[in-house]
Enquirer: 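To start, I am sharing the structure in question, which I have written as structure tokens.
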Amino acid sequence: MTINNFTPFDPLKAKSLADTEVAAIAQKREIRNILGSYVGWYDPFCELIQNSLDAVEERVKIETNTYEPTIWITVDIQDNSLSVTDNGIGLDEKKFTQFLCPDISFKSGKTRGHKGVGATYLAYGFNFIQVATKYHDFEAVGKMENSRNWLDDVSPASNPHMKPDNKEAKDLNFNSIDRGVSIYVKFDKTTHPKDLKWIISDKAEQWLKILSVKTGLGAIIPNTDINVKITVIDRNGNKTEVEKQGIEYYWIKSAVPKSVSIQEIILKQNELYQKKGIHFDLPSRYKNLDAFYQHWSADEILGLESSKQIKLDEDEKELLNKHKPSVYIAYVYSLKVWEAIHTELGVRAGVKILYGGVQIAANNMPQGELIQIPLNRNIGRQNQIHCVIHFNNCSADLGRKGFQSEIAEFAKELAKKLSDGPLMKIKFTLRANTGASPNLSREQEVDNWKEEMVQYESQNPLELINPNFFLPSSKISITSKPTREQDVIALFNQLIAGGVIRGIKIMSTNERLTYDGLYRIAIEEPKAHHLYNATTNPLGIEKSILDNFTLPFITKPKVLEYKYSLDGLIEDIEGGVKNSNDIGLVVVWETGEEFRNNYKITSYLDSDNLTLREYHGLTHGITNINTDQREMELVVLSELIDYLNDSETTIEAQRDKYED
């Protein structure tokens, strides 16, 4: 047998030389692979808009100063369609007949799109597409139909064809341009997205902001030359329009009124320090912020490393020098900021446009979905921090699946290091996240409830004193661990009645208002009943604290909350149902884990923290990590019982659980 006895061949011509059936199968497989890489709801918007941006920017390079680059975007919810028109470079006849073919691109690597798959996605991902072009020596309007259905048909009659469309361009703006392209895409139940009504947003101003986060309209490096005109037609045919000169990402500072850059805060701190020394107070403009933010260049990131504000390894420094990323990061005081933004955008519940996480960008546009910041401590911050990292000399993988793993991992690590470094030093400027907004009517309602119960208490006193209670068994009568809130209430009240907890008097439970009940702190003679003793009174307070009280010491009514798990209260606070400033004491069976998002718990069961217990029976205190303000006192019943049964083991467990 003779070795290497064959004619040289070009592997790239294999498909064209294969028989018709084999070639058709190969083509379909290739197109399916392309469509499989486009999984985002906004992908058709991204592709059409980036093509138009590239086209107008290309024309800017060759036209005189009289040229005004313009893009028209029409989101027709009633028609369930999208059209994007530009007065850019246009398609000549050759490009018009070739640009929909897989892997054919007429763009350079410096444009937003250059891989040659986006147009194929538009042509075969939908069942109706119209393409209209004007070039100086060529003009055409063509349409392709049923391409998406053809892809799923195992035995189609023939391939879809781009055919002349005798009707005019769907977007009438095309008639007014001297040169450019207009593309119209129709959605249906087989496409993604299926229905534009799904997102709910139906105003042009809302769509401008959405597209300035999700598409090339959100230019990381602003371009003030391009004019954008957006028309939205809602499901009832009502039309809204908005026009904006320039394209730029929808930064947090634009969405959140009370926000300041980190650089501004540091400059003001330094200025005041020079004038007043360490005893200075920031002006109101720099306190109680809804958000702070900062832009850093790659060189400035290296500067943070040099000043030991963050630590980068050699691989990370190499990536910084190779891709020269610019970084934008913003820290909002509460998830309520995102909720307010989404309410303004009119999107359906659960849709996240601006939110916590890392948004990777390349080719001057955001690409892919948000990636969670992998924080190890106070992990709730990962939803409060929005980071945009724009890489140079870098592109997303085929379609919009994402970036190379080393780029994604570096982005996450860099966001994490900035979050744990420079951002944590400035977080004291954020406003406290107390839950429900300050509200005079709510506060008055709570005050009226307190006054009503004070009067009721004086008119209907209840006392039961008997030296034989809890004897002779010295045990509580509840025989099983709580499984719901009612069990927590019963156990807590029995601990008070049995003298295990001695600093609290229950005034009222409540079913009418937002909160569960009222109590008073009560420190009465004999003083020894409240004095800490590791063996006989382990829930007492230290003598130095007790000596500050003139007995009897009885406070005004305070608000009491019961929950099986602290998670339930955290959810109420973050949802705006309850306000932590109203609440004095929280009684729970367990803490859960949600508190770690915005709070730190200090254990008073740890003898090192005994001086922080202000009255008998408290087991823990909860502090807002954004403001360092102690907000509520806790009685965690499961940990209290563990402590009374085995204090040494419990103290070690407390340190492991709550200490950083």
Side-chain angles (χ1 to χ4, degrees), residues 42-60 63 65-91 112-113 122 129-134 141 168-187 196 199 201-251 254-255 344-347 353 364-366:
Y42 305 95
D43 283 348
F45 299 89
C46 294
E47 286 299 328
L48 289 175
I49 289 170
Q50 80 172 26
N51 288 342
S52 286
L53 291 173
D54 287 340
V56 297
E57 288 179 352
E58 183 67 21
R59 187 173 176 181
V60 165
E63 295 274 340
N65 293 333
T66 58
Y67 170 56
E68 297 181 2
T70 305
I71 294 173
W72 293 265
I73 301 168
T74 302
V75 180
D76 193 333
I77 298 170
Q78 186 180 52
D79 183 50
N80 201 28
S81 65
L82 167 67
S83 64
V84 178
T85 301
D86 64 74
N87 64 345
I89 197 73
L91 295 170
R112 293 170 182 80
L122 292 171
I129 180 173
Q130 183 195 68
V131 182
T133 180
K134 285 183 183 178
V141 178
E168 63 182 354
K170 294 283 188 179
D171 185 1
L172 298 182
N173 290 301
F174 180 74
N175 298 331
S176 64
I177 64 174
D178 65 326
R179 187 172 177 179
V181 169
S182 178
I183 298 181
Y184 166 97
V185 170
K186 178 87 169 173
F187 305 107
L196 293 179
I199 198 171
S201 303
D202 60 2
K203 302 290 189 299
E205 187 69 39
Q206 296 170 336
W207 274 93
L208 173 62
K209 293 173 181 176
I210 292 169
L211 297 176
S212 294
V213 175
K214 293 296 186 179
T215 76
L217 292 189
I220 310 304
I221 303 168
N223 184 334
T224 58
D225 295 332
I226 299 174
N227 188 29
V228 178
K229 299 180 180 182
I230 296 179
T231 299
V232 174
I233 302 169
D234 69 17
R235 66 177 67 197
N236 298 316
N238 300 311
K239 181 188 295 187
T240 55
E241 297 176 321
V242 65
E243 182 172 352
K244 182 174 184 285
Q245 186 65 41
I247 57 173
E248 184 176 8
Y249 192 79
Y250 187 45
W251 306 112
S254 301
E344 181 185 355
L345 295 179
V347 295
I353 306 298
N364 200 28
M365 62 183 287

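Just so it is clear, the structure is predicted and the values come from calculations on it, not from any experiment. The analysis underlying the following values was restricted to heavy atoms, covering all of them including side chains, and did not include hydrogens, waters or symmetry mates. Throughout, numbering of the chain's residues begins at 1 and tracks the sequence.
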Enquirer: Do you know which of Glu168, Gln130, Lys134 makes side-chain contact (heavy atoms from CB on, under 4.5 Å) with Phe174?
Expert: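 The option that passes is Lys134.
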Enquirer: Taking all heavy atoms of Ile210 and all of Ser201, pick out the closest pair and write down the distance.
Expert: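 So the minimum-distance heavy-atom pair works out to CD1-OG, 3.6 Å.
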Enquirer: How close do Ile220 and Asn364 get, counting heavy atoms only, and between which atoms?
Expert: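 Between these two residues, the closest heavy atoms are N-OD1, 3.0 Å.
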Enquirer: Measuring from Lys203:NZ to Glu344:CD, what's the distance to the nearest 0.5 Å?
Expert: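 Between atom NZ of Lys203 and atom CD of Glu344 there are 13.0 Å.
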Enquirer: Say whether Thr85 and Asp171, considering side chains only, have a donor N or O and an acceptor N or O under 3.5 Å apart.
Expert: yes
Enquirer: Measuring from Asp43:CG to Leu122:CG, what's the distance to the nearest 0.5 Å?
Expert: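 Reported to 0.5 Å precision, the distance equals 9.5 Å.
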Enquirer: Check whether any side-chain N or O of Asp76 sits under 3.5 Å from a backbone N or O of Ser81 as a donor-acceptor pair, and report yes or no.
Expert: no
Enquirer: Can you name the nearest heavy-atom pair linking Gln245 to Thr224, along with the distance?
Expert: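 Distance-wise, the nearest heavy atoms are NE2-O, 3.0 Å.
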Enquirer: Quick one, Glu57 and Asn223 - any side-chain contact, counting heavy atoms below 4.5 Å?
Expert: yes
Enquirer: Taking salt bridge (Lys or Arg N to Asp or Glu O under 4.0 Å) as the definition, give me every residue that meets it alongside Asp79, ordered by chain and number, with sequence neighbours left out.
Expert: Lys186
Enquirer: Got a donor-acceptor contact below 3.5 angstrom from the Ser176 side chain to the Asn173 backbone?
Expert: yes
Enquirer: At their closest point, which heavy atom of Glu248 faces which heavy atom of Ser212, and how far apart are they?
Expert: O-CB, 3.8 Å
Enquirer: Distance check, rounded to the nearest 0.5 Å: Leu48 atom CG versus Ile183 atom CD1?
Expert: 5.5 Å
Enquirer: Looking only at non-hydrogen atoms, find the nearest pair between Lys214 and Pro366 and report the distance.
Expert: C-CG, 4.4 Å
Enquirer: Do any N or O atoms from the side chain of Asp234 and from the backbone of Ile77 form a donor-acceptor pair under 3.5 angstrom?
Expert: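 A pair under 3.5 Å: no.
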Enquirer: What I'd like to find out is whether the side chain of Tyr184 reaches to under 4.5 Å of the side chain of Val141, using heavy atoms alone.
Expert: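 Heavy-atom side-chain distance check fails, nothing below 4.5 Å.
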Enquirer: Could you tell me the separation between the CD atom of Glu243 and the CG atom of Asn227, rounded to the nearest 0.5 Å?
Expert: 4.0 Å
Enquirer: Quick one: salt bridge (Lys or Arg N to Asp or Glu O under 4.0 Å) pairs with a partner in residues 220-233, sequence neighbours left out?
Expert: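 Listed by first then second residue: nothing to list.
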Enquirer: With rounding to the nearest 0.5 angstrom, report the CG to CD distance, Asp202 to Gln78.
Expert: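 Here the interatomic distance stands at 12.0 Å.
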Enquirer: Can you tell me how far CE of Met365 sits from CD of Gln50, rounded to the nearest 0.5 angstrom?
Expert: 4.5 Å
Enquirer: Sequence neighbours left out, cut at 3.5 Å: what donor-acceptor pairs do the side chains of residues 67-75 make with other protein atoms?
Expert:
{"residue": "Tyr67", "atom": "OH", "partner": "Asn87", "partner atom": "O", "Å": "2.8"}
{"residue": "Tyr67", "atom": "OH", "partner": "Asn87", "partner atom": "OD1", "Å": "3.2"}
{"residue": "Thr70", "atom": "OG1", "partner": "Glu68", "partner atom": "O", "Å": "3.1"}

Enquirer: Which atom names give the shortest non-hydrogen contact between Ser52 and Asp86, and what distance separates them?
Expert: OG-OD2, 2.9 Å
Enquirer: Quick one: does any side-chain atom of Thr215 pair with a main-chain N or O of Leu211 as donor and acceptor, under 3.5 Å?
Expert: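 Such a contact is found between Thr215 side chain and Leu211 backbone.
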Enquirer: Scan Leu345, Leu217, Val242, Ile353 and name whichever one has a side-chain contact (heavy atoms from CB on, under 4.5 Å) with Lys209.
Expert: Leu345
